[in-house]
Amino acid sequence: MTPLNRKLYRDLWRLRGQVLAIALVIASGIAVLAMSLTSMEALTDTALAYYERYRFADVFARVERAPGYMADRIRALPGVQSVDTRVVKSAILDMPGFDEPVIGQLVSVPERATPPLNQLALRSGRLPRVGHPDEAILSEPFAEAHGLGPGGRFGAVINGNRRTLTVVGIALSPEFVYTIGPGALMPDDHRFGIVWLGEEALQAAFDLKGAFNQVSLSLLRGTDPELVIRRLDQMLARYGGVGAYARADQMSNWFLMNEIRQLESLAAILPTVFLAVAAFLTNMVLARLIAMERSEIGLLKAFGYTNATIAWHYVKFVIGVAVVGILIGWAAGYWFGLLNTRLYADFYRFPFLLFDPSPRAFVIAALVSVAAALAGTLGAVRAGVRIPPAEAMRPPSPPMFQRTRLGRSRLFAALDQPTRILLRQIGRYPVRSTLTSLGTGMAVAVLVSSLQWLDSINHLVDVYFQQAQAQDVTVGFATTKSSEVERDLGRLPGVVTTESMRAVAAKLRFGPREERQALQGVPAHQELSRVYDASGHALEMPPDGLVISTMLAEMLDVGIGDRITVEVLEGRRPVFEVPVAATFETYIGSPAYLDIRALNRLMHERPSVNSVHLRLDRNEMQDFYRELKAVPQVAWLSLKEAAVATFHDTLAKTLLIFIGFFVVFACTLAFGVTYNAARIALSERGRELATLRVLGFTRAEISYILLGEIGFLTLVALPLGCVLGYALGALILRAFKTELYRIPMAIQLETLGLAVLIILSATVFSAFLVRRRLDHLDLIAVLKTRE
Amino acid sequence: MAPTPALRTRDLTKVYRSGEVEVHALRGVSLDLYPADLIVLLGPSGSGKSTLLNILGGLDTASGGEAWFGDLQLTGLDDRGLTRYRRAHVGFVFQFYNLIPSLTALENVALVTEIAERPMSPEEALRIVGLGERLHHFPAQLSGGEQQRVAIARAIAKRPGILLCDEPTGALDSRTGILVLEAIERIHAELGTTTVLITHNAVIADMTDRVLVMGDGRILEERHNTRRRRAAELSW
């Protein structure tokens, strides 16, 4: 080993505290990057393999009832590879040991053959047999939630007939990787599940013999789904088609792909913060190392070492620090990635999980961090090796200080000398001081931007569920009902108030833009489910005219007064124009409302409803649920309290783990910045501090000078970090914004306080480590040596 | 009756252990320093003079023997006690000045007067060393001799019981060195501070009444100058 390399190893070892502190910051960046990239890769690989192996369809369409022979016609469309027709219906289920009614989505599965598309991944048991109409397969998460396995039994009201079904198998399906019930915001495996029944049995139960109400298509490679969808819509319109949609818009797949996109944003935003701070820290440490080794550099040059050799020596130091960080980051990233992917597997249910990260993610992470560290330090290296040898061997002249206007001010005159020392030190190195504050500020920001999720989501839940909705239960029907159904439901035990609603599937058009969006008819003045603006007020429905969400207004590029063309996709399929009367801000979906009377009029129908909101007397809930289980044609149910509870449970499971990661990362960041800043201050001013000790200053007093500077910079960093955190949070939330939901920024003061407190603790801890070194200052050496 | 010594040591020993080797830096030093004494500790490097100065100044602890500052027994004080002692009673002047670069001349002196019990004003201290005009200069704006005189002003501003100067002219040329010695001389004359000057420059010994020559951890010889020469008369 060359002497220079030996020096390199010893330098790295001597500065191990600082090297490790920086390496941990680099490792955090790499861990986030590798975690995001590996989870992305695992989710993508798993999803694609799953979709391919179990033949997930490319296009889906629902109709009211289409004759079986239509399948052949659809198959004949250009670009179509295979076609599968099914019956898909809903039923209220009566699960053993569970009082509340449960909604089951009934999906037909052929008894005699394997379906060409959307095949089941049978986890246990078998398929239903011909002639056994009560044999059912349950989706695995649903079966788990209710503790059912093959042989288990449960009740179901299927098309008005009460039946007892027997579980014969447990399965997963590529169609239901993410199982979310109608009207729900999060999966609730207790209250919504998929039930596969034999095709013949289901056709018989719903009077659909030789017919279907759902069709799935797979396309030939390179076929544009939009072309097929257009032809399909034309073909199915007269069978009550409500518009076909591509895989990209299929609910389960949409959520999964959205998750992957969010990981992508995460991979881009947060590692940047960590690596930038790491670059600054490496620069700070290296600049100090080079300053201390001035005379050695001069000596090496005097011996004839070239600038390039010396520069390479210090570059290797930087690479060395980065490599330590990379190794830790790789290990942590792999582990976090695995953990994260497993966590995802709780929500996105796959029959298998492909976690086999390619080296790509790790190589990218490593290259990015080495590049960042080098970019940050090249300036210091260049400045260091450029000094002529003779000058390098002389001690550096004492740092120049100047009296500024502030220094002459009366305020400054009132300060004691130790305070002046620390303030002048900050002023003497403005860039370094600013970057130190910025570094700690970034730690606060990372923390604020992760902790804000809890506040923001709580705010969303509060506005969406608590402020806007006064109902306890919403009952949805499979078909449009006469408005009398509201009265019928009102007679159920415990019902205090009712409010009906009608939604129709429609295409909304304005100019060249078109969106598929249910049009929701609601009472002019809503008592229960209110059309509610996020700023905190409900909107009355104008007699005619749409009240649309700002999201939809944005999607259609419309403003108040513009007339939207509505093409209804059900009933008599009327097409009409309505003006936009008002817009409102909402966090969920992109809804469009109008007065229910106006909607019924435009549909040319007598008063009709398809869902009813109910407010209940809590004392009679059990009776209400019992009777509700017998109400025919209930297609979906939304229990507000359960929805809120699910929301919070899910968040507790996922978000807290995620936030836990980031608390650790942010503390690492704060620790790395403070520890290095304090160590460098100590290295630069050890002699000064020792002198003060000799002059009779106590340890506490000199600690004040050393740590006061860090303390001051931290105090500046805290409010700065809160502001940065707000910006970072907004950036992340914007990256997470979708047409389905927008999470509003709503950071609570307590959260800022918590973030500040956590970072302050990390800072104090690192300051404490450096403070201990003050006890070992060599007072005697100070008298004898010149720096 | 003989006056009470300001500083007194009895059989002071100091042993450093460096690896396997024991270094006997002091091998039993007994010494009395009286108020208003100006003495020079002379000796080659390794003779133990710095070790003695460090123990007298409360920077180091002895391995054996006793050291007293008036009624205060220095041997036996803990770190806190030694800090208090240095703060209240000791003025230090170092070879390399050890000024705080971020403080002006005035502020460097104020650094000490702020924590002293009955200090003189920083301006007064700087006037005594002849720097009344350069109060607001930073160390980097002062010459070596000026820096050392600021350091002396800093050492005496608290009106210390004892002034310890470790090679105060070691880093200076002879002309500047003499200016510094003149400052020390004037302070001794004006304030009567007990002053110990360490040097290996034998010429400086001529400006004091008492010269202690050290070697091998012991006081080898004590000389009394019959005639003190003024600092201005010295040359080397």
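Since the model is a prediction, treat every value here as computed from it, not as a measurement. Order of the sequence lines fixes the chain letters, A, B, ..., with proteins taken first and strands second; residue numbering starts at 1 for each chain.
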Query raised in the report: Do we get A:R16 above A:W13's six-membered ring, with its NZ or CZ under 6.0 Å from the centre and within 45° of the axis?
Result: yes
Query raised in the report: Considering only heavy atoms, which portion of B:D79 lies under 4.5 Å from any heavy atom of chain A: side chain, backbone, both, or neither?
Result: side chain
Query raised in the report: Can you list every pair that meets ring-ring contact (aromatic ring centres under 6.0 Å, His included) and has a residue in residues 100-128 of chain B, with sequence neighbours left out?
Result: none
Query raised in the report: In terms of heavy-atom pairs under 4.5 Å with chain A, which of B:R154, B:R80, B:H137, B:H89 leads?
Result: B:R154
Query raised in the report: Is it the case that B:T75 and B:Q73 place a side-chain donor and acceptor less than 3.5 Å from each other?
Result: yes
Query raised in the report: Between B:D60, B:I115, B:V90, which shows the greatest number of heavy-atom pairs under 4.5 Å with chain A?
Result: B:I115
Query raised in the report: By a 4.5 Å heavy-atom criterion (distance strictly below it), what part of A:L692 contacts chain B: side chain, backbone, both, or neither?
Result: side chain
Query raised in the report: With a cut-off of under 6.0 Å to the ring centre and 45° to the axis, is A:R432 in cation-pi contact with A:Y429?
Result: yes
Query raised in the report: Looking at B:K158, B:H136, B:R84, B:Q141, which makes the most heavy-atom pairs under 4.5 Å with chain A?
Result: B:H136
Report task. Could you tell me which portion of A:L415 (side chain, backbone, both or neither) has an atom closer than 4.5 angstrom to a non-hydrogen atom of chain B? Result -> backbone
**Report entry** Region of A:R693 that comes under 4.5 Å of a non-hydrogen atom in chain B
**Finding:** both
Report task. Output all residues satisfying salt bridge (charged side-chain N to carboxylate O under 4.0 Å, His left out) with B:R17, sequence neighbours left out; order by chain, then residue number. Result -> B:E22
**Report entry** Carboxylate-amine/guanidinium contact B:E107 A:R424, below 4.0 Å
**Finding:** yes
